[in-house]
Participant: 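What follows is a single structure, and I will ask about it in a moment.
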Amino acid sequence: MNAPATSTQITQMQRATRQAEVVSALARVVPGHALLWQNEDTVPYECDGLTAYRERPLVVVLPETEEQVAAVLKACNALQVPVVARGAGTGLSGGAMPNAMGVTLSLAKFNRIIRIDP
């Protein structure tokens, strides 16, 4: 006998559907190795140095170029997906707190200063 879906199951189904949609869109603009969505891959991004608050992001993107950053932001904007930028993950203020239905945009690979424009 099939039991009616609980609100938790519905949320998990909605999350899985949305995740598939976002992963599909982002796979067109970044290489596969720069896209994380499996649970074991996204758990390390659920918090930064402030570990009191945790939220697993829907998807983590690790772009390698400015063009990829722009393409990710454009794709997320088109899908109306929230994006949270994250540096090295050492922050203690919670500024990089992920959105459960959003994308965490890791900028950890950007480790050189090209130009300073005061």
Side-chain angles (χ1 to χ4, degrees):
M1 172 179 194
N2 290 336
T6 66
S7 61
T8 302
Q9 289 171 326
I10 292 169
T11 301
Q12 289 173 349
M13 284 187 270
Q14 290 171 335
R15 179 179 167 89
T17 300
R18 185 64 162 164
Q19 186 179 54
E21 179 183 27
V22 173
V23 167
S24 176
L26 294 178
R28 287 178 272 208
V29 298
V30 295
H33 67 270
L35 193 56
L36 309 174
W37 71 92
Q38 300 293 335
N39 186 44
E40 62 272 9
D41 296 328
T42 59
V43 167
Y45 293 89
E46 69 184 9
C47 66
D48 55 11
L50 179 66
T51 59
Y53 304 101
R54 297 175 181 271
E55 187 67 64
R56 194 166 56 90
L58 190 65
V59 177
V60 177
V61 182
L62 299 108
E64 299 168 345
T65 66
E66 291 177 45
E67 293 77 18
Q68 288 176 0
V69 172
V72 166
L73 293 174
K74 184 176 180 179
C76 288
N77 184 55
L79 292 171
Q80 297 182 337
V81 175
V83 176
V84 175
R86 173 189 164 116
T90 59
L92 297 173
S93 66
M97 180 71 178
N99 184 303
M101 295 299 284
V103 168
T104 293
L105 180 67
S106 174
L107 300 171
K109 291 187 178 185
F110 288 80
N111 58 8
R112 291 185 304 134
I113 298 173
I114 305 294
R115 177 184 63 229
I116 296 177
D117 183 358

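The first residue in the sequence is number 1, and the count goes up from there.
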Participant: What residue pairs, at least two apart or across chains, pass salt bridge (charged side-chain N to carboxylate O under 4.0 Å, His left out) with a residue in residues 45-57?
Facilitator: E46-R54
Participant: Name each donor-acceptor pair under 3.5 Å that joins a side chain in residues 65-89 to protein atoms two or more places apart or in another chain, with its distance.
Facilitator:
{"residue": "T65", "atom": "OG1", "partner": "Q68", "partner atom": "N", "Å": "3.0"}
{"residue": "Q68", "atom": "OE1", "partner": "E64", "partner atom": "N", "Å": "2.7"}
{"residue": "R86", "atom": "NH1", "partner": "C47", "partner atom": "O", "Å": "3.1"}

Participant: So, does S24 use its side chain to make a donor-acceptor pair with the main chain of A20 at under 3.5 Å?
Facilitator: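 Pair absent, no side-chain N/O of S24 close to backbone of A20.
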Participant: For residues 18-45, which residue pairs qualify under salt bridge (charged side-chain N to carboxylate O under 4.0 Å, His left out), counting only residues two or more places apart or in two chains?
Facilitator: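 Counting only pairs at least two positions apart or across chains, the salt bridge (charged side-chain N to carboxylate O under 4.0 Å, His left out) contacts touching residues 18-45 are R18-E21.
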Participant: Give the minimum heavy-atom separation between W37 and V59, together with the two atoms involved.
Facilitator: CB-CG2, 4.3 Å
Participant: Would F110 and V61 show up in the same hydrophobic cluster when neighbours are defined by side-chain heavy atoms closer than 4.5 Å?
Facilitator: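 Yes; V61 is reachable from F110 via cluster members.
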Participant: Can you spot which of L35, L58, L26 makes a side chain to side chain contact (heavy atoms under 4.5 Å, CB included) with V103?
Facilitator: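 Of all the options given, the one that passes is L26.
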Participant: Taking side chain to side chain contact (heavy atoms under 4.5 Å, CB included) as the test, write out the residues that go with I116, two or more places apart.
Facilitator: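 Per chain and number, I116 pairs via side chain to side chain contact (heavy atoms under 4.5 Å, CB included) with I113, P118.
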Participant: Which other residues belong to the hydrophobic cluster containing Y53, where Ile, Leu, Val, Met, Phe, Trp and Tyr are joined when side-chain heavy atoms lie under 4.5 Å apart, directly or via other members?
Facilitator: L50, M97
Participant: Taking ILVMFWY side chains as joined if any heavy atoms are under 4.5 angstrom apart, and letting links pass through other members, which residues group with V60?
Facilitator: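 Besides V60, the cluster holds L36, Y45, L62.
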Participant: Can you pull the salt bridge (charged side-chain N to carboxylate O under 4.0 Å, His left out) pairs that have at least one residue in residues 95-107, sequence neighbours excluded?
Facilitator: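 For residues 95-107, and leaving out neighbouring residues, there are no salt bridge (charged side-chain N to carboxylate O under 4.0 Å, His left out) pairs at all.
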